[in-house]
2 protein chains.
Amino acid sequence: MTITQLYYVLAVAEHQNFTKAAEKCFVTQPTLSMQIQKLEDELDIQIFDRSKKPIELTEVGKKIVTQARNIVNESYRIQDIVDQQKGFIGGEFKLGIIPTIMPTLLPMFLKTFIKKHPKVKLKIEELTTEEIMSRIKEGHLDAAIAATPLEDENIKERPLYYEPFVSYIPKNHRLYGQKTIATTDLEIDDMLLLEDGHCFRDGVINLCKIFKNHVDDKFQLESGSIETLIKLSNEGLGMTLLPYLHTLDINEKEKNNLHYFNEPPPAREVSLIYHKSELKMQIIEALQDVIAGIVRGAIAFQDVKIISPLPK
Amino acid sequence: MTITQLYYVLAVAEHQNFTKAAEKCFVTQPTLSMQIQKLEDELDIQIFDRSKKPIELTEVGKKIVTQARNIVNESYRIQDIVDQQKGFIGGEFKLGIIPTIMPTLLPMFLKTFIKKHPKVKLKIEELTTEEIMSRIKEGHLDAAIAATPLEDENIKERPLYYEPFVSYIPKNHRLYGQKTIATTDLEIDDMLLLEDGHCFRDGVINLCKIFKNHVDDKFQLESGSIETLIKLSNEGLGMTLLPYLHTLDINEKEKNNLHYFNEPPPAREVSLIYHKSELKMQIIEALQDVIAGIVRGAIAFQDVKIISPLPK
DNA sequence: TTGTGTGATAGTCATTTTTAATCAATTTAG
DNA sequence: CTAAATTGATTAAAAATGACTATCACACAA
């Protein structure tokens with residue numbers, strides 16, 4: 001049994017197709033077939049049910065794949081140990097970022113990070129929290145930036161900053177006259193929300209629920225981006241909540257519609273998250289350093305009330 | 001990088017000698033040298049410091065060995081999954097037993113187990129708790145029978161039975177007249193103990209300490225076996241404590257010297273212990289079944305007071 | 001039927017792994 | 001101090017392994 005064989009098994013299990021898996025492994029299909037057959041022979045058990053189309057894992061196959069993923073990931077750690085020893089910070093690094101953080105945070109730290117660590121090939125993807133979590137567990141993502149706490153024992157979190165919620169209230173709104181907003185003022189019914197799947201949406205709903213036990217889950221208007229929310233709000237369709245960093249780059253006129261919360265303002269915790277196996281910790285720590293350094297200047301809130309990002 | 005290479009590294013790390021390691025791996029010494037060199041080249045780092053005699057691990061080498069042990073052990077688990085699927089209970093199984101349990105328990109279950117599971121090649125070794133724990137962690141022992149709780153997060157425990165302590169008191173002893181003994185009657189000073197390293201010794205000391213804060217650690221007489229303790233006690237050199245199962249095969253005359261404790265009697269918890277990675281669980285469970293079945297008839301105590309086997 | 005997509009098989013070749021034999025450097029014993 | 005023994009590295013030849021190309025066999029769809 002070799003690590004390569006296990007790696008091939010993982011590829012086939014993932015793509016449910018020998019040919020595609022072979023491409024991903026940069027070998028030809030017969031090579032893959034042979035190696036997997038050899039492993040099956042050695043263990044004297046079928047890992048794949050080739051009669052099904054597309055190909056399926058057998059029951060044992062599933063268990064073997066789980067264990068194989070373990071072994072392959074643990075094997076990467078050897079290189080990791082060596083890198084750590086050499087103080088080498090480089091290689092490919094796949095980072096996920098949730099949509100409501102991506103456009104504001106990424107431009108703030110990306111240049112600095114690339115300049116400081118030119119040997120790291122960052123591959124950044126915009127993904128929802130749910131996608132991020134499953135990809136981290138599968139090893140397809142090295143780390144991610146998301147709202148926390150996630151309450152998942154396989155995922156570790158390192159808080160980067162606390163980002164308060166800011167009310168965006170158009171002129172005709174019943175709350176427009178108030179200088180500051182209390183969380184008790186919020187009514188989910190006249191609140192514009194992001195589409196399902198965004199954890200910021202869930203955060204807002206949780207915030208409204210704190211003082212109302214029951215919330216109708218029929219919302220009139222939902223949008224895929226915060227920019228659209230602002231425009232809809234400008235049209236008088238309701239108020240909305242924005243993450244603080246988003247309020248920094250809206251235009252002067254719209255800034256008048258911003259209403260801050262009473263102390264302590266509700267906020268989301270934004271963290272760098274990664275698999276509990278702590279692979280590529282050097283890069284993760286480098287990222288944390290750079291982001292923490294950048295954000296320190298932009299966000300200075302201390303006393304905040306953290307709102308859970310999880311749908312409940 | 002291959003699992004074989006990692007296995008070779010482990011062998012050399014363990015034997016501190018290429019030639020011996022090669023023998024254990026059933027390959028020639030050049031094979032081993034080459035493979036390890038290749039791994040070192042690939043990682044571009046020295047794992048062994050060959051200038052030292054005997055050969056030593058470098059600092060990174062130590063980390064790599066730890067991780068390599070992980071990977072190699074995890075790789076065994078694949079075969080384990082297959083065995084489990086096939087319902088196969090067999091193969092080599094290394095079991096450790098502490099000296100104070102070995103002579104009484106082993107004869108009780110060994111025959112039954114071999115008969116029930118003829119494909120398991122049991123290799124049984126008498127070892128102290130300390131030796132057992134380190135060997136389980138290194139993967140040189142699949143399981144062991146010892147007094148628990150051990151409070152070690154790498155080791156899991158499955159209690160088999162609770163074995164009360166019984167006083168063995170010779171005729172001239174101050175406590176001989178008492179029908180039952182209370183733990184408060186015990187005085188460490190007139191107690192015969194096993195040599196250092198036996199956890200039963202530590203259990204007895206802990207028991208005596210429960211009512212006396214301070215105990216002199218100068219004991220006059222110590223012995224390596226419980227049989228010797230009984231003989232020394234017969235000579236009037238003091239009383240001693242025996243594990244219950246030991247009292248079953250002493251002669252009639254000596255049985256008169258046995259004095260049982262008041263309810264609840266102090267007892268030791270005897271468990272099947274194994275590494276948290278749960279390798280070879282089928283065999284471990286088979287062992288547990290057999291032993292539990294046998295012991296159920298011999299030990300019927302319920303309300304006992306468990307004494308820690310750890311030196312404190 | 002004829003493609004199309006899929007995985008298995010056969011034959012070949014380069015590479016890798018292993019081995020036996022040998023060497024060089026140390027350490028140990030007399 | 002010299003001789004013998006031990007230890008790991010080196011070399012060259014053999015065995016094995018892994019991967020490739022080409023091709024086959026089967027299932028399914030147009």
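Convention: sequence-line order gives letters A, B, ...; per-chain numbering from 1. As a basis for the values below, the full set of heavy atoms in this structure was taken, side chains included, without hydrogen atoms, waters or symmetry mates.
- The shortest distance between the side-chain N/O atoms of B/Thr28 and the OP1/OP2 oxygens of C/dT18 is not below 4.0 Å.
- Atom-to-atom, CE of B/Met34 to C1' of C/dT15 comes out at 13 Å; the value is rounded to the nearest Å.
- If you measure from atom CD of A/Gln35 to atom C1' of D/dA16, you get 12 Å, rounded to the nearest angstrom.
- Closest contact between the side chain of A/Lys20 and the listed nucleotides D/dA19, C/dT6, D/dT11 involves C/dT6.
- Between C/dG5 and A/Asn17, no contact under 4.0 Å exists linking OP1 or OP2 to a side-chain N or O.
- Among the heavy atoms of the strands, none lies under 4.0 Å from A/Phe48.
- The 12-atom threshold is exceeded at CD of A/Glu285, counting heavy atoms of other residues, nucleotides or ligands nearer than 6.0 Å.
- At whole-Å resolution of the value, CD1 in A/Ile47 and C1' in C/dA8 are 16 Å apart.
- Here D/dA9 is the nucleotide among D/dA9, C/dG7, C/dT18 with the atom lying nearest to any side-chain atom of B/Gln37.
- In this model, the phosphate group of C/dA8 is approached by a side-chain N or O of A/Ser33 to a distance below 4.0 Å at OP1 or OP2.
- Atoms NE2 (A/His15) and P (C/dG7) sit 12 Å apart, rounded to a whole Å.
- Between B/Ala143 and B/Ile284, the closest heavy-atom pair is CB-CG1, 4.2 Å.
- In this structure, A/Arg50 does not reach the C/dT6 phosphate: none of its side-chain N or O atoms is under 4.0 Å from OP1 or OP2.
- For the atom pair CD1 of B/Ile101 and CZ of B/Phe200, the computed distance is 10.0 Å after rounding to the nearest 0.5 Å.
- Contacts of B/Gln29 with the nucleic acid, taken as non-hydrogen atoms under 4.0 Å apart, include base atoms.
- At least one side-chain nitrogen or oxygen of A/Thr19 sits closer than 4.0 Å to the OP1 or OP2 atom of C/dG7.
- To the nearest angstrom, P of C/dT6 lies 10 Å from CD of A/Glu23.
- The interatomic distance linking A/Tyr8 (OH) with D/dT17 (C1') rounds to 12 Å, in whole Å.
- Rounded to whole angstrom, the span from the CD atom of B/Glu40 across to the P atom of D/dA9 amounts to 8 Å.
- In summary, A/Lys123 and A/Glu125 do not engage in a salt bridge, as defined by a charged side-chain N under 4.0 Å from a carboxylate O.
- Going from atom CG of A/Asp49 over to atom P of C/dG7 covers 12 Å, rounded to whole Å.
- Checking C/dT18, D/dG8, C/dG7 against every side-chain atom of B/Phe18, the shortest atom distance belongs to D/dG8.
- Interatomic distance, B/Leu105 CG to B/Leu110 CG, rounded to the nearest 0.5 Å: 10.0 Å.
- Across all strands, A/Pro30 comes closer than 4.0 Å to base atoms (heavy-atom distances).
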